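Here the structure is a predicted model, which means the values were calculated and not measured.
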Amino acid sequence: MATIASDIGGVHRPDLDKGLGLAGAIGFGAAVLAAILFVAYSIYNDSAQAGVHARALLPFFLLFIALLIALGFEFVNGFHDTANAVATVIYTNSMPANIAVVWSGFFNFLGVLLSSGAVAFGIVSLLPVELILQVGSDAGFAMVFSLLIAAIIWNLATWWWGIPNSSSHTLIGSIIGVGVCNALLHGRSGTSGVDWGQATKIGEALIFSPLIGFVLSGLVFLGMKVLIKNKKLYEEPRDGLPPPWWIRSLLVFTCTGVSFAHGSNDGQKGMGLIMLILIGTVPTAYALNRAVPAQYEQQFHAGSARVEQVLTGHANGVQAPADARGALTAYLENKSLTPQTVPALGVLVGDIDRQISEYGSIRQVPAAASKNVRNDMYLASEGIKHLTDGDGSPFKGDDAKALKDYKGSLDKATRFIPTWVKIAVAFALGLGTMVGWKRIVVTVGEKIGKTHLTYGQGASAELVAMATIGLADGFGLPVSTTHVLSSGVAGTMAANRSGLQMSTIRNLVAAWVITLPVAMLLSGTLYLILSRVI
């Protein structure tokens with residue numbers, strides 16, 4: 001596979017071997033230790049406030065292991081995916097490699113802290129409903145361990161081979177693998193184990209994002225050549241010298257933007273899974289959002305009454321089944337609407353409202369009841385989502401709006417991310433950015449095009465990546481920083497007629513194609529084993 005030699009045409013390969021130094025290594029270790037202590041203190045403090053004594057947490061060895069694996073996934077994600085963000089500034093001599101990775105790590109950290117959380121719960125909604133409802137059970141832990149370990153294994157494998165690959169793609173494949181295996185173990189069709197509607201939306205985002213990166217980056221680069229006539233922007237770096245200040249500023253800005261967008265989007269993927277872990281092991285503290293606004297209960301009661309009226313009007317006189325929760329769970333598993341589905345949802349809505357009214361507020365829900373209340377709320381929310389989704393929904397106009405508004409109030413109480421979880425994930429992703437980046441950086445910087453990356457090509461690819469990831473984050477969709485940026489570099493090479501190294505392109509395409517089935521196979525196999533061991 002061709003590489004850019006340091007003595008050909010005056011092009012010098014950047015110094016990729018300079019580390020963080022002794023002070024940096026000490027600071028890195030101190031940050032890791034501080035993050036671990038911060039997580040431990042946060043769980044202890046939240047549990048104490050919820051009435052759980054420290055002694056009760058000691059047996060939760062699985063909690064420690066699960067959190068370690070979840071944060072490990074984000075750490076690997078940091079050096080695996082964010083290498084794409086720093087490749088352009090490194091190979092254009094805009095920033096030294098050791099400074100670039102620290103800079104990128106810091107803005108990944110900020111991106112995670114300021115993220116919305118929408119992507120986190122978009123990922124979680126792919127999981128089978130029955131496993132989410134029993135997330136504290138042995139099957140729930142087997143699910144979390146299987147999908148995270150499978151994602152880490154495949155990420156490390158593609159990193160070792162120096163192939164830019166999507167952590168999002170890998171995680172989603174792992175989730176689907178667990179869902180399919182769980183369905184087969186319970187004697188159902190494998191297709192019933194996944195929310196395929198949500199999977200399709202996410203799949204479309206992952207499929208089209210590299211195409212968008214390739215085409216738009218090429219167009220931006222061509223537009224740049226028309227609008228900006230300064231030839232220095234389209235030259236290869238020479239003699240290891242940095243570019244003119246305005247070009248350097250542009251490239252540092254785009255690197256910063258991609259790093260921030262990556263943190264905002266990719267950092268959320270571990271958040272939702274960490275919340276499942278916390279809900280499963282410490283439901284008293286994390287099953288319900290006890291920090292909802294003061295007026296929440298009054299609005300919730302009014303919304304419940306309105307929704308009960310809507311559902312009664314659509315029940316067509318059919319009586320609710322004796323086991324309303326079982327009927328609604330079966331609907332979500334099989335996606336088969338029966339005459340009893342709507343009245344079953346009506347019963348559940350009424351039960352939730354009565355429970356909240358009896359306790360007085362979300363804050364006052366007893367410890368023993370908090371997980372059951374959360375499960376009822378989650379079940380009702382998912383039922384409403386599927387009943388109101390698509391043109392074939394029986395609910396239209398004001399009725400559909402009432403249901404969706406009520407779903408929003410349910411989600412406020414169940415879909416939340418404590419600040420400390422964001423900080424922990426931000427540390428994991430940011431620190432991960434600072435290690436292990438070299439393999440992927442070399443591939444992006446040297447092995448995609450047949451010529452050295454120019455300033456304009458690097459800026460075009462990163463501008464498109466920054467905008468695409470930021471837009472996807474707004475819609476709550478996970479996209480791949482790796483796919484968008486590496487395909488963007490390829491797009492600028494094609495637009496400049498620089499030529500592409502087809503061996504690398506074949507590796508990228510092959511990884512893109514096989515990641516989903518490999519991740520599914522890995523996670524499904526692990527789930528099969530762990531569900532019988534744990």
Side-chain angles (χ1 to χ4, degrees), residues 24-79 105-106 108-115 117 120 124 135-138 140-145 147-149 151-152 263 266-291 363 367 370-371 374 414-435 530 534:
I26 293 173
F28 185 91
V32 171
L33 180 61
I36 292 172
L37 293 175
F38 175 72
V39 169
Y41 171 76
S42 298
I43 295 174
Y44 169 81
N45 186 56
D46 289 349
S47 301
Q49 289 184 6
V52 180
H53 299 293
R55 291 189 305 274
L57 293 177
L58 296 179
F60 292 158
F61 177 69
L62 288 177
L63 171 61
F64 172 76
I65 299 298
L67 286 175
L68 190 65
I69 294 172
L71 293 174
F73 168 76
E74 290 296 347
F75 185 85
V76 173
N77 187 1
F79 68 73
F106 176 72
N108 266 278
F109 180 90
L110 288 183
V112 176
L113 288 185
L114 299 176
S115 60
V124 168
V135 71
S137 66
D138 294 343
F141 277 110
M143 168 190 72
V144 173
F145 288 158
L147 64 91
L148 284 172
I149 293 172
I152 290 172
D266 276 46
Q268 296 187 53
K269 291 157 193 171
M271 290 181 192
L273 296 173
I274 287 175
M275 287 310 299
L276 288 182
I277 293 166
L278 293 171
I279 290 165
T281 52
V282 199
T284 304
Y286 298 106
L288 294 172
N289 182 9
R290 300 179 187 272
R363 294 172 184 269
S370 58
K371 188 172 181 179
R374 176 204 175 262
T414 58
R415 302 190 179 200
F416 67 101
I417 299 173
T419 302
W420 74 262
V421 172
K422 285 190 174 185
I423 294 174
V425 171
F427 263 107
L429 192 67
L431 293 174
T433 301
M434 301 177 195
V435 300
L530 293 178
I534 295 180

Looking at residues at least two apart in the chain, or sitting in another chain, which of them share a ring-ring contact (aromatic ring centres under 6.0 Å, His included) with Tyr286? none
For Leu431 and Phe28, the nearest pair of non-hydrogen atoms, with its separation, is O-CE1, 3.3 Å
Answer whether the closest heavy-atom distance between the side chains of Val32 and Phe427 falls below 4.5 Å. no
Distance col, row Asn108:CG vs Asn77:CG, nearest 0.5 angstrom, shows 8.5 Å
Please list all pairs passing the salt bridge (Lys or Arg N to Asp or Glu O under 4.0 Å) test where one or both residues lie in residues 414-432, with sequence neighbours left out. Glu382-Arg415, Asp411-Arg415
Counting only heavy atoms not in Phe38 (residues, nucleotides, ligands), do more than 12 fall under 6.0 Å from its CZ? yes
Pick out which of Ile69, Leu278, Leu147, Leu67 makes a side chain to side chain contact (heavy atoms under 4.5 Å, CB included) with Leu273. Leu147
So if I apply the side chain to side chain contact (heavy atoms under 4.5 Å, CB included) rule between Ile423 and each of Val425, Thr419, Val421, which one comes out positive? Thr419
Mind checking ring-ring contact (aromatic ring centres under 6.0 Å, His included) for Phe73 and listing every partner two or more places apart, or none if nothing turns up? none
Nearest atoms (heavy-atom pairs only) where Ile152 meets Gly72: CD1-C, 4.1 Å
Locate the shortest heavy-atom distance separating Ala424 from Val39; write the atom from each residue and the value. CB-CG2, 3.6 Å
Spacing of Gln268 atom CD and Ile417 atom CD1 [to the nearest 0.5 Å]: 6.5 Å
Do you know the tightest heavy-atom contact between Val112 and Leu429? CG2-CD2, 3.6 Å
What are the two closest heavy atoms between Pro418 and Met275, and how far apart are they? CD-SD, 3.3 Å
Taking every non-hydrogen atom, the tightest pair across Arg363 and Ala291: NH2-CA, 4.3 Å
